[in-house]
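What follows is a single structure, written as structure tokens, with notes after it.
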Amino acid sequence: MNPQMRNPVEAMYPGTFYFQFKNLWEANNRNETWLCFTVEVIKQRSTVSWERGVFQNQVDPETHCHAERCFLSWFRDNPLSPKKNYQVTWYTSWSPCPECAGEVAEFLARYSNVQLTIYTARLYYFWDTDYQEGLRSLSEEGASVEIMGYEDFKYCWENFVCDDGEPFKPWKGINTNFRFLERHLRKILQ
DNA sequence: ATTTTCAAT
């Protein structure tokens with residue numbers, strides 16, 4: 001079995017979510033990336049079925065794998081059928097690195113039946129031109145790349161966190177940080 | 001207006 005072939009988990013703990021997804025400037029020590037996803041099978045204009053889950057990057061040297069590649073290897077081997085149309089949505093704590101962006105762009109070019117929307121909490125190495133180019137290549141392959149806002153964080157909390165019925169508690173600066181990241185992303189993608 | 005990051009010490 002391919003060591004990269006990991007199945008997603010169903011949910012994160014609240015502490016993991018708040019720590020990993022916070023869009024703070026002082027986002028130190030977020031040496032992990034978490035990726036929540038939904039996969040919807042689309043027929044005409046109505047969704048017929050969907051599934052969801054959470055991937056984390058694999059840090060073990062044996063299975064080392066960025067979260068995006070964990071998703072792709074799972075998706076290729078599990079629900080993906082060339083006869084169906086998919087809407088895939090990601091909520092990631094960091095945006096993709098150039099290598100993953102290239103691989104995802106290739107994936108999208110090959111599977112025109114897959115539509116991808118990426119919401120990212122923070123921009124990974126946003127000042128680096130290679131990382132910027134990676135985001136543009138995704139956009140050029142038709143992926144929609146967005147910054148996670150209040151409603152997206154709330155959606156993740158409600159759908160990917162073992163929240164025990166606790167409501168989502170936004171942190172200080174969630175909206176101003178979102179707006180700043182939005183401006184950055186728009187500049188990168190234009 | 002602002003962060004140093006899918007670890008390596």
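Numbered from 1 within each chain, the chains take letters A, B, ... in sequence-line order.
Rounded to an integer number of Å, the gap from H184(A) NE2 to dT5(B) P is 17 Å.
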(request) For the pair L80(A) and V114(A), evaluate side chain to side chain contact (heavy atoms under 4.5 Å, CB included) and give the outcome as yes or no after the intermediate values. (result) CA-CA 9 Å; L80(A) 182 56; V114(A) 177; 3.9 Å; yes
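In this structure, the nucleotide among dC6(B), dA7(B), dT4(B) sitting nearest to the side chain of W127(A) is dT4(B). Picking from dT2(B), dA7(B), dC6(B) the nucleotide with the shortest atom distance to the side chain of H64(A) gives dA7(B). Each of dA7(B), dA1(B), dT5(B) was ranked by its minimum atom distance to the side chain of Y124(A); first place goes to dT5(B).
Separation of the F160(A) and W34(A) ring centroids does not fall under the 6.0 Å cut-off. Ring to ring, Y155(A) and W157(A) are not that close: their centroids are 6.0 angstrom or more apart. Checked against the 6.0 Å centroid criterion, the rings of Y111(A) and F107(A) qualify as a close aromatic pair.
Residue contacts for L35(A): at a heavy-atom cut-off of 4.0 Å it reaches no nucleic acid atom on any strand shown. Nucleic acid contact class of Q56(A) (heavy atoms, under 4.0 Å, all strands): none. Residue S95(A) is classed as a base contact, given a heavy-atom separation below 4.0 Å to a base.
Comparing dT2(B) with dC6(B), their C1' atoms sit 23 Å apart, to the nearest whole Å.
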